[in-house]
2 protein chains.
Amino acid sequence: MSDKILPKPTDSELEILQVLWENGPSSVRFVNDELSKRRDIGYTTTLKLMQIMHEKSLVVRNTDARSHIYEAAIERDATQRNLLGNFVDNVFSGSAMNLVMQALGNHKASKEELDQIKALIEKIEKNG
Amino acid sequence: MSDKILPKPTDSELEILQVLWENGPSSVRFVNDELSKRRDIGYTTTLKLMQIMHEKSLVVRNTDARSHIYEAAIERDATQRNLLGNFVDNVFSGSAMNLVMQALGNHKASKEELDQIKALIEKIEKNG
DNA sequence: AAGTTTATACGAACGGTTTCGTAAAAACAA
DNA sequence: TTGTTTTTACGAAACCGTTCGTATAAACTT
C-alpha cells in the first residue's frame with residue numbers, strides 16, 4: 001500500500017550496490033577502498049553517491065557510530081530482474097531469447113555451466 | 001588501422017537505431033513517425049538526435065535530396081554484443097551465466113525457443 | 001508571385017549524474 | 001591542550017542527454 005516505487009539505480013550506484021551485496025553492511029571507507037581497486041575515485045565522491053542513494057532509499061544506514069554503516073535496501077535478484085527487463089526491451093527489442101542466444105553464443109561456457117542450463121531447461125519443460 | 005572507437009549509443013539513440021536496423025535507410029520524418037507510435041516525441045527532437053548521431057558517426061546520411069536519408073553505421077549484432085558485455089559487467093558482476101539463468105528462469109519460453117537453445121548448446125558442446 | 005507546408009540548422013534550457021573542494025565536527029595522538 | 005586525522009555535510013561546478021523554440025531555406029499550392 002505505502003510501498004514506493006524505487007528509482008532505477010545508475011551505473012555508479014550499481015557499482016556500490018555490488019559491493020554492499022557481496023560484503024554486507026559497510027562503511028563509506030570500505031566501499032571506497034573497494035571501488036578504488038577498480039578505478040580512480042575520491043572519497044567524498046563515494047560518500048556523496050551513498051548519501052544520494054540514501055535519499056533515494058536505495059540503501060539504509062545506521063548512524064549510531066561515527067562512521068555510518070550502509071546496507072543495500074533492494075534485493076540483488078529483484079534488481080537484476082528489473083534491469084534485465086529494461087535492457088531486453090531497449091537493446092533486444094523485447095526478445096529475451098535473442099539475448100540468451102547472444103550471451104550463450106558469445107561466452108565460452110564450461111561444461112558445468114552448460115549442464116546447469118540444460119538442467120534448468122528440463123525443469124522448465126516439465127513444469128510447462 | 002584508422003578505425004575510431006565509436007561511443008556507446010544512449011537509450012534514445014538505440015530507439016532510433018532499432019528503427020533503422022529494421023527498416024533500412026530512412027528519413028527523419030519516417031523515424032519520427034515510428035517513434036511516435038510508442039511515445040510522445042517532437043519532430044525536431046528526433047532530428048536533433050539523429051544529427052548528433054551523425055556527429056558521433058553512429059549513422060551515415062545522404063544529403064542529396066532535400067530530406068536527408070539516414071542509415072545505421074554500426075551493425076546490430078556487434079552493438080548488441082558490446083552492450084551486452086557492458087551490462088553483464090555492471091549488473092551481473094561479469095557472470096554471463098547468471099544472466100542467462102535469470103533470463104531463462106524469468107521468461108516464459110515456448111517449446112520451440114527452448115529447442116533452439118538446446119540445439120545451440122549441443123553445437124557448442126561439439127565444437128568445445 | 002504570395003502564402004503555406006516541410007525540411008534543416010542552431011542554440012539554449014532543463015534535469016540528472018558525477019565529481020570534488022571546503023567547512024565543521026568528532027576522535028585520536030603528542 | 002594542541003594539533004592531526006577521520007568523518008560527515010553541503011554546495012557548486014562540469015558534463016551529458018533530452019527536449020524544444022525559433023530562424024532559415026527549399027518546395028509546393030493557388
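Every chain is numbered from 1, with letters handed out A, B, ... down the list of sequences.
- For the pair A:L35 CG and C:dT19 P, the interatomic distance rounds to 10 Å; values are reported in whole Å.
- Of the two residues contacting DNA chain C, namely A:D40 and B:L47, the nearest-nucleotide position lying further toward the 5' end is that of B:L47.
- The base of C:dT6 has none of its N or O atoms less than 3.5 Å from a complementary donor or acceptor on the side chain of B:R29.
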If you look only at distance, which donor and acceptor atoms sit under 3.5 Å apart when one is on a side chain in residues 71-82 of chain A and the other is two or more places apart or in another chain?
unit_1	atom_1	unit_2	atom_2	d
A:R76	NH2	A:Q18	OE1	2.9
A:R76	NH2	A:E22	OE2	3.1
A:R76	NH2	B:S93	OG	3.1
A:T79	OG1	A:E75	O	2.6
A:Q80	NE2	B:V91	O	3.0
A:R81	NE	B:N106	OD1	3.4

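- Under the side chain to side chain donor-acceptor pair (under 3.5 Å) criterion, A:K8 pairs with no residue, sequence neighbours left out.
- Contact between the side-chain N/O atoms of A:R39 and the OP1/OP2 oxygens of C:dT19 is found at a separation under 4.0 Å.
- Atom CD1 of A:I52 is separated from atom P of C:dG15 by 17 Å (rounded to the nearest Å).
- Counting non-hydrogen atoms under 4.0 angstrom, A:S12 reaches the backbone sugars and phosphates but no base.
- Distance A:N32 CG to C:dC20 P: 10 Å, rounded to the nearest Å.
- Rounded to an integer number of Å, the gap from CD of B:Q51 to P of C:dA12 is 16 Å.
- Backbone-only engagement by A:T10 is indicated by non-hydrogen atom pairs under 4.0 Å involving sugar-phosphate atoms exclusively.
- The interatomic distance linking A:M53 (CE) with C:dG16 (C1') rounds to 16 Å, in whole Å.
- At whole-Å resolution of the value, CD1 in A:I41 and C1' in C:dT17 are 12 Å apart.
- Here chain B contacts DNA chain D (any atom closer than 4.0 Å to a heavy atom, that is under 4.0 Å), and the contacts span D:dG17 to D:dA27 from 5' to 3'.
- Rounded to the nearest 0.5 Å, atoms CD (A:Q102) and CG (B:L120) are 10.5 Å apart.
- Sparse packing is recorded around CZ of B:R38, with 12 or fewer heavy atoms of other residues, nucleotides or ligands lying under 6.0 Å away.
- Heavy-atom contacts from other residues, nucleotides or ligands closer than 6.0 Å to CG of B:N62 number more than 12.
- A:E13 places its CD atom 14 Å from the C1' atom of C:dT19, with the value rounded to the nearest Å.
- Look at NZ on A:K56: it is 11 Å from C1' on C:dT18, rounded to the nearest Å.
- Distances shorter than 4.0 Å separate none of the side-chain N or O atoms of B:K48 from OP1 or OP2 on C:dA7.
- Between A:T45 and the phosphate of C:dT18, there is no side-chain N or O to OP1/OP2 separation shorter than 4.0 Å.
- Under a hydrophobic-cluster definition in which Ile, Leu, Val, Met, Phe, Trp and Tyr are linked whenever side-chain heavy atoms come within less than 4.5 Å, directly or via other members, B:I16 and B:I69 are assigned to different clusters.
- Position along DNA chain C of the nearest nucleotide to A:D11 versus A:R66 favours A:D11 as the more 5'-ward residue.
- The CG atom of B:L104 sits 11.5 Å away from atom CD of A:Q116, with the distance rounded to the nearest 0.5 Å.
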